[in-house]
Amino acid sequence: MLALLAGCPAAHARDVVVTSFDGTPIVAHFYTSSVAKPGERDPTVLVGSGYPESGNTKPDVDTSDIVGLAALRGAGYNVLTWDPRGLGGSGGVLRFNSPDYEVRDVQALIDWVARQPEALLDGPGDPRIGMSGSSYGGAIQLLVAARDPRVDAIVPDISYNSPADGFAPAGDVKTSWLTEICSLGTAVSYLPTGDAAGLQLGGQDPQLTTACAQGALGSLSAASTRFFRTRSVEPFLQDVKAPTLISQGTVDILFGPSAGIANFEGVRAGGAPVKMMWRCGGHGKCPTPSSDQLHVTLTALAWLHRWLDRDPSVDTGPVFEWQDDSGTWRHGVDFPLAGTGTLDASGSGTLAISPADSAGSGVLLEPMPAVNAVEADFPAPPANSTILGAPALTLTYRGTATVKSTYLYAQIVDTVNDRVVDDQVTPLPVTLDGRTRTLQRSLETIAIHGEPSSRYRLQIAAGSPVFALQRAIGAVTIGSVSASLPIVDPDRSGRPPAAMAAPALPRRLLLRVSSRRDGRSARIVVRSRLRSTPCTGVVTITARAGRAVRSVRTHVRRDCTVRAVLRLAVARGRRARVGARFA
């Protein structure tokens, strides 16, 4: 169902209300390509919004997203934006990118696009579809592409892998960020404005409301953690077949490079073409003078031109590129990169613990060098060195406190510029019951350029302004702490040789056959699934019953499945034999 709304914000634009699978009205905004010729059909890019924003309604303005609406339209694409359910003018209850709700809403939008005269189609009901958007609008791309084969290319930006790992890594809540996001997403009522779906009551999943309230107090229950885990994109990544450009922020405090790495590896494991780019930005503040938005935009557009326009002449650049802390764009031959050595630091000391160490907790959105910390200095890096990856840490400690289970915090500080490297802080769960314990952990991924003049320091602190208030009072003796910063070679790949040389999987068909016999006639239903890519070609299904031979040729669908029904005459005492061949 579709209702046109009064008032179009621009020429060749229209606002619509698309009714989703459960009757929920989803407000959407469709803008045609700004360079389209009369009667021309173009690919359509769906641009998702960040949480808890409405769909972008400024088609002639570029924003700080990976690529703006004006750039997309100028590159020859139609653009569709929408208000996610429970937000803006759309109805329903916000489920936080649920595969059972928000994903199906987007599928309804794709159905709508397929009926538009400006939309390029690959087949009936199958428009040529790309997707873009950041954060909340990035994760929805991975979920939709995993479920709907009509999606042809995606460029998810600063997306999460698991919201649980972003909001509460190791169970410690990033109070400032969770409070900020949840307060913005509080349920509100929407009044009729002439460009909405009438009177709609907003709202959010009760579990999300509970998690927000708990997060504001500094902890999440097991049920709230499970809720965020169910919103993870991880289980769906190998089902993504659309070529995927993963864009992440090096200074992203909420969903840092580690989330991008997990998404990149998951999509690559499923066999889809994939590229990863780390830019200076995201949920954080870039300390360099410019994050070079033009390079980000051109990289995203090149990806869309290659895979959405299906132009093999387009160069999409290296598999992995990043912007280091100097603001310089660099690239590697693949990911991960080969290691060439480490910078190592070690130290010891005693650390007093109290709530005073968490000054600014729940208020500040950025980490700071700690005043109260056990520290260890790294040696000066070699000239022109690339320090990229997850630092390794080993900590031996013993302590007592009023609250036995609490957290310490590890961060790398750039002492020359007096800032936390890439704003990355790692919570370290500790048990302070008087016993000596050892903790080994990989810290959050960093990407920096080292020179002999660079100076870096490890800090083990008792609090962080990004995380929940330190509730323990006591002291901890750190008998030893050691950390290693990885130095890599951008010109060498660190992927195992077996993974690089692995041959393409053979195309195999998994057959499921069911039959129903009625006298001398048998109805045989054959279901097959192509177990490896590409999902193209013809399957020939044969059935032999007595002397009768039946052959059926049918195409493999884009979801890699095929279904055929045969009816055969079967002599008494005979069995039908079924086979299949892929070509």
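The model shown is predicted, which means the values in this text are computed figures rather than measured ones.
- Residues that satisfy the side chain to side chain donor-acceptor pair (under 3.5 Å) test with R95, not counting sequence neighbours, are D205.
- The ring-ring contact (aromatic ring centres under 6.0 Å, His included) test applied to F378 returns no partner, not counting sequence neighbours.
- For residues 476-488, the set of pairs meeting the side-chain hydrogen bond (donor to acceptor under 3.5 Å, both in side chains) definition, not counting sequence neighbours, comprises D344-S484.
- Below 30°, between 30° and 60°, or above 60°: for F227 and F96 the angle between ring planes is between 30° and 60°, a tilted geometry.
- Residues satisfying the side chain to side chain contact (heavy atoms under 4.5 Å, CB included) criterion with P235, sequence neighbours excluded, are S232.
- Checked against a 6.0 Å centroid threshold, the rings of F320 and H331 do not count as neighbours.
- For D489, the side chain to side chain donor-acceptor pair (under 3.5 Å) test picks out no residue, with sequence neighbours left out.
- D422 pairs by the side chain to side chain donor-acceptor pair (under 3.5 Å) definition with nothing, not counting sequence neighbours.
- Considering only residues two or more places apart in sequence or on other chains, Y136 meets the side chain to side chain donor-acceptor pair (under 3.5 Å) condition with none of them.
- Here ring-ring contact (aromatic ring centres under 6.0 Å, His included) pairs that include residues 401-446, with residues two or more places apart or in two chains, are Y409-F467.
- Take H295 and apply the ring-ring contact (aromatic ring centres under 6.0 Å, His included) test, not counting sequence neighbours, and it matches W329.
- Legend: salt bridge (Lys or Arg N to Asp or Glu O under 4.0 Å) pairs involving residues 442-455, not counting sequence neighbours: none detected.
- Partners of R104 according to the salt bridge (Lys or Arg N to Asp or Glu O under 4.0 Å) rule, which considers only residues two or more places apart in sequence or in another chain, do not exist here.
- Residue pairs meeting the salt bridge (Lys or Arg N to Asp or Glu O under 4.0 Å) criterion with at least one partner in residues 409-419, sequence neighbours excluded, do not occur; the list is empty.
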